[in-house]
Enquirer: 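I'd like to ask some things about the structure below.
FYI, side chains are in, hydrogens and waters are out, and symmetry mates aren't considered; it's all heavy atoms of this structure.
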Amino acid sequence: MAEEVASRHFIEQIIDEDLAEGKYEKIVTRFPPEPNGYLHIGHAKSILLNYGLAEEYNGLFNLRFDDTNPTKEREEFVNSIVADVEWLGADFRGEVLYASNYFDQMYEAAVKLIKKGKAYVCELTPEEIREYRGTLTEPGKNSPYRDRSVEENLALFEAMKNGEYPDGSKVLRAKIDMASPNINMRDPIIYRIARMTHHNTGDKWCIYPMYDFAHPIEDAIEGVTHSICTLEFEDHRPLYNWVVEELEYPHPPKQIEFAKLYLTDVVTGKRYIKKLVEDGVVDGWDDPRLVTLAALRRRGFTPESLKTFMKLVGVSKAQSSVDYAMLEYCIREDLKPKADRLMGVLDPVKLVIDNYPEDMTEEFEIENNPDAVNIGKDAGKRKVTFSRELYVEREDFMEEPPKKYFRLFPGNEVRLKGAYFVRCTGFEKDDDGKVTVIHCTYDPETRSGSGYEEKEGARKVKGTIHWVNARDAVTAEVRLYENLIDEEKGKLNDDGTLNFNPNSLTVLKDAKLEACMAGAKPGYSVQLIRNGYFTVDTKDSTGEHLVLNRIVGLKSSYKPAQ
């Protein structure tokens, strides 16, 4: 039987063909973010795709900042992006590259175009340039400055560089075709005057290249072979090719476009996220309700879960939306064999075992994670203390239960996980009618591990509930998250603002956890039995005040294709 060949996506097929034809000796890819905000999950797709291709073909992967617009760029964003790329495991060899490092070469490239008669200095206003450009159905018309001599253009461009003209008074434009059906080719602006302090070059320059001019030059200088970007740049590809061809690079890079990642019920647009941060709607760029990579990391997502997610999403030219439930499925699957399973009570109520000796404390051994065997590990067991007073979940007791309710209610018996059978004998309420204490008795013969349930005539119970020993319980603040917006009601309101989910964050101030959670380090993740997967918050948790973020619940609405 022939061996099944794994299907290859269209970018791999293009690279395979280029290598077969001898176009490139070594594959070089890059991730080129503009440092004007934090990266989000869509960027993770680009990072992992570009790095994955470099790794697959034994090539090189570059991290390069497209820092050609200093008005929006900050060192904070540079640092956060470097941290995100390192967290994802994309190896850029520790060498961070910057477009601004090539500003001298870009200036010389512009001079070369002027000398070839392929660029000119234009003095039309921005409004006039838009008017002259034409429309999708009407061709543009030539600028009155289009036929200046090479000498005049060289002198004017040098004067622009030397700061002799005010901001916005002149631009350098490529001379291509004002009648082109592709508006991007209608003499695009390639340099503008802008007196801005740059985070990397300071005040050296008062002219800056435009992205569509700078990007292909950066790729060519670095020896990038395949410049992989999202579909909105497809119409810019003719300009990309024009730049590298006119500048006569010997091994010009090839631009290839793929579909962006669209995820339901989340906010990915930098403009929206920036406004949420500035308006104080969220707790910074790393608020766990966002899907910036910093937020996902703080929420407790792992690089492995994102890599699995991207493999499931795949690479294609077709735009589509991916259900957020798929991302949740990936983190569950990653944590299931890795995270220890502990008991934690989120909404605690005191349970008193009236016939248990007041001065006695026992220890029970509980398995940490039976699923660890699936990754070839033995997670071992831990000891849990047990005494007369415990905490249980408020929802695990009902005064008047409905049918098929198998947890605590007057007269009913349940198993306390890993411990004893207890029978509810009564309860106490406060003045507002809220249950404050549940009273029970226990049966010493039912101790877990005693073999009681296998004995002939032994009582059976249908309900098992988790608990925490009150004597050494750790108090924690627990944050429960839901989607920041609900697309079923529409992502945007009529006025263009985001339609927020008012229940996107619930804070529980008095959760009770097992004693082993005392001093838990930021970033430590666990499964709290029946309540979901949680991680110790990396921003607010301290030794004196433990804060847990719920990563994801235990139930999944997503089913992977078989």
Side-chain angles (χ1 to χ4, degrees), residues 339-373 377-399 401 404-428 435-475 511-518 526-531 554:
D340 287 340
R341 297 177 187 180
L342 307 181
M343 294 188 287
V345 177
L346 303 189
D347 185 12
V349 61
K350 183 73 70 71
L351 183 147
V352 178
I353 305 173
D354 293 313
N355 65 332
Y356 193 91
E358 287 190 43
D359 57 351
M360 189 166 91
T361 298
E362 291 182 81
E363 285 187 335
F364 292 92
E365 274 198 341
I366 296 182
E367 196 171 5
N368 286 325
N369 185 348
D371 283 328
V373 295
K377 292 186 178 180
D378 179 2
K381 296 181 179 181
R382 70 187 183 283
K383 291 184 177 179
V384 180
T385 60
F386 182 93
S387 59
R388 187 172 188 266
E389 295 189 358
L390 312 172
Y391 291 109
V392 296
E393 294 284 1
R394 186 170 296 279
E395 67 175 21
D396 284 344
F397 171 80
M398 293 189 77
E399 185 178 353
K404 296 188 177 180
Y405 181 84
F406 300 122
R407 292 173 238 172
L408 280 171
F409 56 87
N412 194 45
E413 192 171 41
V414 301
R415 173 176 282 287
L416 296 177
K417 180 175 175 58
Y420 293 105
F421 287 12
V422 293
R423 185 181 300 277
C424 180
T425 58
F427 55 92
E428 300 175 29
V435 174
T436 55
V437 180
I438 302 165
H439 287 277
C440 292
T441 57
Y442 87 116
D443 182 349
E445 289 189 19
T446 61
R447 180 183 168 95
S448 181
S450 66
Y452 170 79
E453 290 180 78
E454 286 71 46
K455 292 178 182 177
E456 187 176 343
R459 302 188 307 283
K460 305 293 183 185
V461 291
K462 292 185 176 180
T464 298
I465 65 174
H466 62 278
W467 52 274
V468 172
N469 187 11
R471 192 167 289 176
D472 57 12
V474 174
T475 300
K512 304 297 182 182
L513 312 178
E514 284 185 34
C516 63
M517 285 297 288
V526 297
Q527 183 195 123
L528 295 184
I529 294 168
R530 282 179 45 208
N531 282 315
L554 295 178

Enquirer: Just wondering, more than 12 heavy atoms not from Glu445 lying within 6.0 Å of its CD?
Expert: no
Enquirer: Give the C-alpha distance, both sets of side-chain angles, the deciding distance and a yes or no for side-chain contact (heavy atoms from CB on, under 4.5 Å) between Leu528 and Leu346.
Expert: CA-CA 9 Å; Leu528 295 184; Leu346 303 189; 4.2 Å; yes
Enquirer: Assess whether side-chain contact (heavy atoms from CB on, under 4.5 Å) is satisfied between Lys377 and Asn369, documenting all intermediate values.
Expert: CA-CA 10 Å; Lys377 292 186 178 180; Asn369 185 348; over 6 Å; no
Enquirer: Nearest 0.5 Å please: distance from the CG atom of Asp359 over to the OG atom of Ser387.
Expert: 11.0 Å
Enquirer: With side-chain hydrogen bond (donor to acceptor under 3.5 Å, both in side chains) as the criterion, how do Thr361 and Arg471 come out once you've worked through the C-alpha distance, each side chain's angles and the decisive distance to 0.1 Å?
Expert: CA-CA 9 Å; Thr361 298; Arg471 192 167 289 176; 2.6 Å; yes
Enquirer: Compare every heavy atom of Glu399 with every heavy atom of Pro410, then report the nearest pair and how far apart it is.
Expert: CD-O, 3.7 Å
Enquirer: Do Arg394 and Val435 make a side-chain contact, defined as non-hydrogen atoms from C-beta onward lying under 4.5 Å apart?
Expert: yes
Enquirer: Does a side-chain N-to-carboxylate-O contact under 4.0 Å join Glu453 and Arg415?
Expert: yes
Enquirer: For the atom pair CE (Met343) and CG (Leu390), what is the distance rounded to the nearest 0.5 Å?
Expert: 9.0 Å
Enquirer: Using every non-hydrogen atom in the two residues, find where Pro370 and Val373 come nearest and quote the distance to one decimal.
Expert: O-CG2, 3.3 Å
Enquirer: With sequence neighbours excluded, what pairs up with Val352 under the side-chain contact (heavy atoms from CB on, under 4.5 Å) test?
Expert: Lys350, Asp354, Arg388, Glu389, Val437, His439
Enquirer: Mind checking what makes ring-ring contact (aromatic ring centres under 6.0 Å, His included) contact with Phe397, not counting sequence neighbours?
Expert: Phe427
Enquirer: Mind checking the CD-OG spacing from Glu365 to Ser448? Nearest 0.5 Å is all I need.
Expert: 10.5 Å
Enquirer: Evaluate the criterion side-chain contact (heavy atoms from CB on, under 4.5 Å) for residue pair Ile366 and Arg341; output intermediate values, then yes/no.
Expert: CA-CA 9 Å; Ile366 296 182; Arg341 297 177 187 180; over 6 Å; no
Enquirer: Show every ring pair (Phe, Tyr, Trp, His ring centres under 6.0 Å) that has at least one partner inside residues 350-373, sequence neighbours left out.
Expert: Tyr356-Phe386, Tyr356-Tyr442, Phe364-Phe386, Phe364-Tyr420
Enquirer: Quick check: closest heavy atoms across Val384 and Glu514, and the distance to 0.1 Å?
Expert: CG2-OE1, 3.6 Å
Enquirer: Can you tell which of Val468, Leu513, Asn531, Ile529 makes a side-chain contact (heavy atoms from CB on, under 4.5 Å) with Val345?
Expert: Val468
Enquirer: Arg423: which residues meet the side-chain contact (heavy atoms from CB on, under 4.5 Å) condition with it, sequence neighbours left out?
Expert: Glu413, Thr441, Arg459
Enquirer: What closest approach, in Å, do Cys440 and Leu351 show between heavy atoms, and which atom pair accounts for it?
Expert: SG-CD1, 3.9 Å
Enquirer: Measure the spacing between CG of Asp443 and CG of Asn355 and express it to the nearest 0.5 Å.
Expert: 8.5 Å
Enquirer: Kindly write out the residues that satisfy ring-ring contact (aromatic ring centres under 6.0 Å, His included) with Tyr405, not counting sequence neighbours, or none if the list is empty.
Expert: none
Enquirer: To the nearest 0.5 Å, what is the distance between CG on Leu342 and NE2 on His466?
Expert: 11.5 Å
Enquirer: Taking side-chain contact (heavy atoms from CB on, under 4.5 Å) as the test, write out the residues that go with Ile465, two or more places apart.
Expert: Val392, Asp396, Arg407, Leu408, Val414, Leu416, Arg530
Enquirer: List the atom of Cys424, the atom of Ile438, and the distance in Å for their closest heavy-atom pair.
Expert: SG-CG2, 4.1 Å
